[in-house]
Undergrad: 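Before I ask anything, let me first share the structure, which is written out below as structure tokens.
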Amino acid sequence: MQKIILAYSGGLDTSIILKWLIEKDFEVICFLADIGQKEDFESIKQKALNLGAARVYIEDLRQEFVEQYIFQALKANAIYEGRYLLGTSLARPLIAKKQIEIARLENTSIVAHGATGKGNDQVRFEIAYITLMPEATIISPWKDPEFLQRFSGRSDMIQYAQQQNIPIASTLQKPYSMDENLMHTSYEGGILENPFQEAQESMFQRTAPLEKTLGEPCNIMIEFAKGIPIAVANLSERVAVNESSVALFSYLNELAGKHGIGRIDIVENRFVGMKSRGVYEAPAATILWKAHLELESLVLDREVSHLKEMWMPKIAQLIYNGFWFSPEMEFLMSAIDQSQQHVDGEVYLKLYKGNAIINKRRSPKSLYNENVASMDRIGGYDQLDAKGFIKLNALRLKNFRRQL
């Protein structure tokens with residue numbers, strides 16, 4: 001029997017795929033990545049073993065996920081199409097990297113995943129596999145004709161699971177797909193495939209509806225060092241969190257969720273060529289992205305800031321499309337890391353009714369000069385210089401008008 005390493009979640013798709021691979025005479029070794037999803041991992045492990053898995057690896061990747069993936073994207077302010085904070089996109093290369101490490105440990109080059117043939121995750125997983133293990137053989141059931149003939153969609157899989165007594169959370173009455181990690185929870189498919197169908201309030205896991213958020217605002221401070229958040233202080237409740245990156249991120253998730261922060265409902269452009277509707281909850285990330293951008297406005301040189309603004313959509317696109325391990329990503333992130341050398345300081349925010357409102361910021365590396373900026377002081381700025389500055393910048397425009 002050939003060994004195959006399956007990226008396993010315990011959900012509908014990968015549970016069915018596990019059984020299907022066993023039927024095809026593979027020795028299936030499941031890999032379960034702990035990236036912050038609220039799951040009973042031992043129960044999922046036992047489920048895989050009950051279904052016939054030879055072994056199950058459970059890897060705690062939370063710290064690596066936060067520090068090497070989420071915070072790297074944060075330093076770049078990466079947001080896909082101006083709205084999506086890339087929670088799923090950032091998790092996939094990490095899962096793929098660890099899966100390849102397990103494949104080498106198990107002395108096999110065969111890997112499998114449960115991503116569909118219409119989504120972006122198939123691209124993210126498989127590009128990472130090929131990059132990190134060029135000799136890899138990839139089994140992607142949702143692109144296998146035999147598998148597709150047997151299962152045309154999730155309804156067929158749900159029926160099969162019920163017939164085979166495979167325990168699953170999905171039902172025919174609740175067919176949408178949910179994916180969770182420490183950064184976000186995403187919802188898609190099923191009833192959400194109609195962009196005019198409002199998402200049910202009962203679906204949301206992390207963010208309170210605005211009418212049920214806390215009645216009083218909460219004041220917080222986030223401290224950064226070299227572009228990385230290192231501490232959070234809840235000034236309203238006199239709570240400080242700075243013991244670890246995971247603890248900090250988890251605390252912000254909980255706090256921001258209580259205030260209804262971080263929920264979006266969007267239509268996005270998938271890399272594979274179609275539009276899709278996705279609903280996301282990313283409480284901590286929403287706050288951190290906003291605070292980080294604000295601190296950069298205080299400490300970054302203007303031209304560096306403008307270059308980062310130009311690069312950000314490209315970096316976000318590379319992450320979204322699955323090119324985390326590409327040379328262009330490495331090149332751009334080297335520049336991003338250089339830009340963060342002086343991004344130290346504190347940002348103060350007020351959380352209330354779905355909003356994270358910035359009201360103060362300070363940094364020992366601040367480039368803001370109150371003497372120069374003040375309307376009430378000269379401060380070493382000769383206002384007469386502006387006269388020639390304006391004339392020189394208008395010169396080409398004046399010449400252009402002569403053509404009309």
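Here, residue 1 is the first one in the sequence, and each next residue gets the next number. Computation of the quantities below employed the complete heavy-atom set of this structure, encompassing side-chain atoms and omitting hydrogens, waters and symmetry-equivalent molecules. Remember, it's a predicted structure, so these values are computed and weren't measured experimentally.
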Undergrad: Calculate, to the nearest 0.5 Å, the distance between atoms CD1 and CE belonging to Ile315 and Met333 respectively.
TA: 5.5 Å

Undergrad: Quick one: closest heavy-atom pair of Leu74 and Pro229, and the distance?
TA: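 Scanning both residues completely, I find the closest heavy atoms to be CD2-CD, 3.6 Å.
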
Undergrad: Do Tyr187 and Gln205 have side-chain N/O donor and acceptor atoms under 3.5 Å apart?
TA: no

Undergrad: How about CD on Glu328, more than 12 heavy atoms from neighbouring residues, nucleotides or ligands closer than 6.0 Å, or not?
TA: yes

Undergrad: Could you state the interatomic distance from CG (Asn355) to CD1 (Ile287), rounded to the nearest 0.5 Å?
TA: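 That separation rounds to 11.0 Å.
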
Undergrad: What are the two closest non-hydrogen atoms of Thr14 and Gly10, and how far apart are they?
TA: OG1-N, 3.3 Å

Undergrad: May I ask you to check whether Phe151 and Trp20 place their ring centres under 6.0 Å from each other?
TA: no

Undergrad: Nearest heavy-atom pair of Leu349 and Ile358: which atoms, and what distance?
TA: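 Between these two residues, the closest heavy atoms are CD2-CG1, 3.7 Å.
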
Undergrad: Ignoring hydrogens and geometry beyond distance, is a side-chain donor-acceptor pair present between Asn399 and Arg402 at under 3.5 Å?
TA: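 Judged by distance alone, the side chains do pair up.
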
Undergrad: What's the separation between atom OG in Ser297 and atom CZ in Arg302, rounded to the nearest 0.5 Å?
TA: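 Ser297 atom OG to Arg302 atom CZ measures 15.0 Å (nearest 0.5 Å).
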
Undergrad: Got a salt bridge between Glu135 and Arg104, using NZ or NE/NH1/NH2 to carboxylate O under 4.0 Å?
TA: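 Answer for the salt bridge query: yes.
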
Undergrad: Apply side-chain contact (heavy atoms from CB on, under 4.5 Å) to Glu254 and list each qualifying residue two or more places apart in sequence or on a separate chain.
TA: Lys258

Undergrad: Could you tell me whether the side chains of Asn269 and Lys275 share a donor-acceptor contact shorter than 3.5 Å?
TA: yes

Undergrad: List the steps and the verdict of side chain to side chain donor-acceptor pair (under 3.5 Å) for Lys19 and Gln164.
TA: CA-CA 10 Å; Lys19 291 288 289 184; Gln164 298 294 319; 5.1 Å; no

Undergrad: Using 4.0 Å as the upper bound for N to carboxylate O, is an ion pair formed by Glu101 and Lys97?
TA: yes

Undergrad: Between Tyr348 and Glu346, is the side chain to side chain donor-acceptor pair (under 3.5 Å) condition met? List the steps.
TA: CA-CA 7 Å; Tyr348 291 74; Glu346 300 170 349; 2.9 Å; yes

Undergrad: Salt bridge check: are Arg150 and Asp156 linked by an N-O gap of less than 4.0 Å?
TA: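 Salt bridge absent between Arg150 and Asp156.
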
Undergrad: Classify the angle between the aromatic ring planes of Tyr80 and Tyr320 as parallel (below 30°), tilted (30 to 60°) or perpendicular (above 60°).
TA: parallel

Undergrad: Heavy-atom count around Met310 CE within 6.0 Å, excluding the residue itself: above 12?
TA: no

Undergrad: Validate the cation-pi geometry between Arg55 and Phe31: distance from NZ or CZ to the six-membered ring centre under 6.0 Å, angle to the ring axis within 45°.
TA: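 No; the conditions do not both hold, so Arg55 does not lie above the ring face of Phe31.
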
Undergrad: Sort out for me which residue in Lys290, Lys75, Lys308, Arg361 forms a salt bridge (charged side-chain N to carboxylate O under 4.0 Å, His left out) with Glu296.
TA: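 Only match with Glu296 under salt bridge (charged side-chain N to carboxylate O under 4.0 Å, His left out): Lys308.
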
Undergrad: So, for Leu21 and Ala112, which heavy atoms are closest and what is the spacing to 0.1 Å?
TA: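 Nearest heavy atoms, Leu21 then Ala112: CD1-CB, 4.2 Å.
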
Undergrad: Does Glu268 come within less than 4.0 Å of Arg83, counting only side-chain N to carboxylate O?
TA: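 Between Arg83 and Glu268 there is no salt bridge, as every charged N stays at least 4.0 Å from the carboxylate O atoms.
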
Undergrad: Walk me through whether Ser15 and Lys47 qualify under side chain to side chain donor-acceptor pair (under 3.5 Å).
TA: CA-CA 9 Å; Ser15 294; Lys47 176 182 175 180; 3.2 Å; yes

Undergrad: If you compare all heavy atoms of Arg263 against all heavy atoms of Pro209, which two are closest, and at what distance to 0.1 Å?
TA: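 Heavy atoms only, the tightest pair is NH2-N, 3.8 Å.
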
Undergrad: Looking at Ala231 and Asn242, what are the two nearest heavy atoms and their distance?
TA: CB-CB, 3.8 Å

Undergrad: Output the distance between atom CD (Glu281) and atom CD1 (Ile264), rounded to the nearest 0.5 Å.
TA: 10.5 Å

Undergrad: Identify, with sequence neighbours excluded, every residue that meets side-chain hydrogen bond (donor to acceptor under 3.5 Å, both in side chains) alongside Tyr352.
TA: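 For Tyr352, no residue satisfies side-chain hydrogen bond (donor to acceptor under 3.5 Å, both in side chains) once neighbours in sequence are set aside.
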
Undergrad: Does Lys365, at its NZ atom, have more than 12 non-hydrogen atoms belonging to other residues, nucleotides or ligands within less than 6.0 Å?
TA: yes

Undergrad: Do the side chains of Glu146 and Lys24 get close enough for a salt bridge, i.e. N-O under 4.0 angstrom?
TA: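 The answer is yes: the pair qualifies as a salt bridge.
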
Undergrad: Any chance you could measure Ile70, atom CD1, to Leu86, atom CG, to the nearest 0.5 Å?
TA: 11.0 Å

